[in-house]
Amino acid sequence: ATLAQLCGWIEAQICQAATAAGWEADNLAGIPVFIGSTSYVMSDREAAPAASPEEEHYTLCEIAGYLKTRFRSPNVFSFATSCTAAAQALIAAARCIGNGLAERAIVAGFESFNRLTFEHFHAMNLLDTEPGRLPFLNAGGLVLGEGMAALALSSQPHRDYVCRLHGFTAQTDHLNLTASSAEPLYSLLAECLRRAGMAAQDLRGVKIHGSGGLSDEVEMQVRRQIWPHTPALLFKPYTGHTLGASAALETALLHAALQQGRLPPLPISIPDFPLPTLHGQPLPNGSYLNYFLGFGGSHCAWVLDWQG
């Protein structure tokens, strides 16, 4: 993916999200845009090395600059907090609306393949080497993916359904650089429920992180403490781990599944899967907790309430 391709795809996703929200996609001037990614435009950099250091402008700022011009908006914010980049972008957008700074906002998360990211994960021995394995089920590591999605946030309810995000929580786990620790994760999820004014038993489901890496064991431990019987929702078996795009992409997929009333079955047979799931079953109205974990301990969580 070149810089021009990425900018065009992100713009198309933003316009598509705006249209789905009932906004005029050709009249988004001034709308604040929050973008999250880890790969920047590294693929462009790898394909065409710059002639001199002065020409190396392969950062999120390049994409932010394009979106500022395209949407005539001075307010385009970029986030690069590892695998929670889009999650931090969404929280910032929601707080912007909640504080009365804007009535609407766009969140875009994107991740494209590049050798540097792939080789970095491979060098750290974090990638799975066997096909057909799922998070929490004999996974030997991460399976990387690429993709993008845009989300339209508004202070006004949608005309066709109720979809509300609240309980936003962001915390830092400083105990481990590449894996989550049980105590900080428990604190994150407990605080999210407290802010949402809910108890664990009030949830219809939990959108888990489930990367297939070392954090899976920690997630399982905390699940047993907080909600041992609440069904899980997983999206990485369909998409791979899309790193900084995960929160935008997985939230968009959850939203689409709620609109359709069910999640598709998981892509492989899992008779011994250790968690109850909602895959292949109707999705009921109610509250769904979502959490996302990132390298460096950048973790985020919120609750999505749905009434279709």
Side-chain angles (χ1 to χ4, degrees), residues 10 13-14 16-21 32-38 77 79 81-98 104-111 135 145-154 157-158 160-170 188-189 192 195-196 203-211 231-264 278-279 283 285-294 298-308:
I10 295 167
Q13 287 291 317
I14 289 174
Q16 181 179 327
T19 299
V33 179
F34 299 76
I35 60 176
S37 180
T38 65
F77 307 94
F79 294 78
T81 55
S82 184
C83 301
T84 57
Q88 295 283 6
L90 188 148
I91 289 178
R95 287 175 175 166
C96 177
I97 294 174
R104 301 181 301 173
I106 290 285
V107 177
F110 52 93
E111 204 72 43
E146 58 181 349
M148 64 175 58
L151 306 169
L153 277 64
S154 174
H158 196 277
D160 298 326
Y161 53 77
V162 174
C163 183
R164 183 171 73 102
L165 300 173
H166 62 122
F168 299 102
T169 307
L188 172 84
L189 301 177
C192 179
R195 293 187 181 188
L203 298 171
R204 292 291 193 172
V206 178
K207 200 295 302 173
I208 57 179
H209 185 66
S211 68
L233 295 78
L234 300 84
F235 289 102
K236 291 180 180 65
Y238 310 109
T239 65
H241 191 356
T242 56
L243 306 178
S246 294
L249 190 61
E250 294 181 11
T251 302
L253 290 172
L254 175 56
H255 179 263
L258 289 164
Q259 285 182 299
Q260 297 167 12
R262 69 174 52 242
L263 283 166
L278 286 170
H279 291 267
L283 285 177
N285 288 339
S287 298
Y288 295 83
L289 188 140
N290 298 253
Y291 65 89
F292 302 87
L293 312 178
S298 174
H299 302 337
C300 300
W302 58 75
V303 172
L304 184 154
D305 291 334
W306 175 265
Q307 296 291 327

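This structure is a prediction, so every number in the text was calculated from the model and none was measured. Keep in mind that the numbers below use all heavy atoms, side chains included, and drop hydrogens, waters and symmetry copies.
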Practice item. Verify the distance criterion only: is there a donor paired with an acceptor across the side chains of Thr84 and Ser298 at less than 3.5 Å? Key: yes
May I ask you to test the [X]-[Y] pair for a side-chain heavy-atom distance under 4.5 Å?
| X | Y | result |
| --- | --- | --- |
| Leu234 | Ile208 | yes |
| Phe77 | Gln88 | no |
| Cys163 | Leu258 | no |
| Tyr291 | Val206 | yes |
| Glu250 | Lys236 | yes |
| Val303 | Cys192 | yes |
| Thr251 | Val107 | no |
| Lys207 | Tyr288 | no |

Review point. Just how far is it from atom CG of Leu304 to atom CZ of Arg204, taken to the nearest 0.5 Å?
Key: 14.0 Å
Review point. What is the ring orientation for Trp302 with Phe168, classed by angle as parallel under 30°, tilted 30 to 60°, or perpendicular over 60°?
Key: tilted
Practice item. Report yes or no: does Glu111 contribute a side-chain atom to a donor-acceptor pair with the main-chain N or O of Thr38 at less than 3.5 Å? Key: yes
**Study point:** Any donor-acceptor N/O pair, Ser37 side chain to Phe110 backbone, under 3.5 Å
**Key:** yes
